[in-house]
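Please read the structure below before turning to the comments.
If you read the sequence from its start, that first residue is 1, and numbering goes on from there. Whatever order the structure lists them in is the order used to number ligands and atoms, beginning at 1. In what follows, every heavy atom counts, from backbone to side chain, and hydrogens, waters and symmetry copies are set aside.
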Amino acid sequence: MTSSSAPQDPAAPAAKAPKDPWDLPDVSGLVVGVLGGTGEQGRGLAYRFARAGQKVIIGSRAADCARDAAAELGHGVEGADNAETARRSDVVIVAVPWDGHAKTLESLREELAGKLVVDCVNPLGFDKKGAYALKPEEGSAAEQAAALLPDSRVTAAFHHLSAVLLQDASLDEIDTDVMVLGEERADVEVVQALVGRIAGMRGVFAGRLRNAHQVESLVANPISVNCRYKAHAGLRVTDI
Ligand SMILES: NC(=O)c1ccc[n+]([C@@H]2O[C@H](COP(=O)([O-])OP(=O)(O)OC[C@H]3O[C@@H](n4cnc5c(N)ncnc54)[C@H](OP(=O)(O)O)[C@@H]3O)[C@@H](O)[C@H]2O)c1
């Protein structure tokens with residue numbers, strides 16, 4: 001029987017203190033690219049990151065459109081076609097409509113190799129009853145991205161943000177949490193840290209990619225909230 005007063009074996013390895021989940025890396029030097037960056041969500045994210053001091057490139061299927069949108073955004077945002085955006089960025093956010101998701105990623109497999117990819121695509125349908133979740137064959141948009149990009153590090157985040165609020169220059173802060181999903185803790189933490197660059201936001205680890213479907217689908221609920229209450233609802237995770 002051992003007792004608590006037994007002398008400790010000096011050769012035994014010291015117990016490792018658990019890592020502080022809010023101890024996140026410095027991501028201020030990373031270049032953030034946004035595929036589909038001329039759209040509502042893409043422009044909103046680009047604006048917020050650039051305003052926070054991050055280097056941002058927005059992508060488009062047409063480089064001219066991206067350059068025009070970038071000039072409107074200011075804050076040093078650059079525009080390029082999606083392939084160049086992917087090549088020049090460290091972290092690449094996928095902000096194209098679900099309809100164009102697979103085709104876009106398939107065509108950029110090479111440029112996205114080795115990159116940290118952040119998927120924010122919500123596969124949704126709309127009918128006269130409102131928004132509803134679609135069921136991608138792979139489980140979720142994020143899992144489709146992971147399947148199509150075996151040489152990239154795929155994560156998922158930014159699903160529940162209001163593009164209207166992101167683009168509203170009169171708002172200094174956006175009051176919301178962002179659920180971040182991924183397989184590798186180091187990758188998730190980079191995305192959490194990026195989220196934290198936007199005033200008012202926290203990035204919260206919310207599981208592996210196999211749980212991305214619920215997060216993507218949940219967007220149908222805030223859309224209903226927004227319609228009823230004429231709002232731009234965000235989400236908070238409590239007790240953390
Ligand atoms: N809007 C929001 O509030 C919000 C919030 C959270 C997440 N999201 C997600 O973010 C994604 C983008 O939403 P959005 O509202 O920004 O969409 P959007 O404005 O309709 O489209 C974004 C951009 O994607 C490009 N695009 C359009 N069709 C495409 C296709 N078939 N293939 C490749 N690129 C295409 C277009 O850029 P170019 O023509 O310049 O290539 C367009 O400007 C969606 O998947 C959505 O679920 C949106």
Glu184: partners by salt bridge (Lys or Arg N to Asp or Glu O under 4.0 Å), with sequence neighbours left out
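In terms of salt bridge (Lys or Arg N to Asp or Glu O under 4.0 Å), with neighbours along the sequence ignored, Glu184 is linked to no residue.
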
Applying side-chain hydrogen bond (donor to acceptor under 3.5 Å, both in side chains), name anything that partners Arg109, two or more places apart in sequence or on another chain.
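None.
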
Trp98: ring pair (Phe, Tyr, Trp, His ring centres under 6.0 Å) partners, not counting sequence neighbours:
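Here the qualifying residues are His101.
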
What does the list of residues with a heavy atom under 4.0 Å from ligand 1 look like, ordered by chain and number?
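Contacts of ligand 1 under 4.0 Å: Gly36, Thr38, Gly39, Glu40, Gln41, Ser60, Arg61, Ala95, Val96, Pro97, Trp98, Gly100, Thr104, Cys120, Val121, Asn122, Phe158, His159, Leu161, Ala163.
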
Quick one: do Lys19 and Glu189 make a salt bridge, cutoff under 4.0 Å?
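Yes, charged N to carboxylate O under 4.0 Å.
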
If the threshold is 4.0 Å, N to carboxylate O, is there a salt bridge linking Arg236 and Asp175?
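Answer for the salt bridge query: yes.
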
On a heavy-atom basis, which atom in Arg67 and which in Gly79 lie closest, and how many Å separate them?
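So the minimum-distance heavy-atom pair works out to CG-O, 3.5 Å.
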
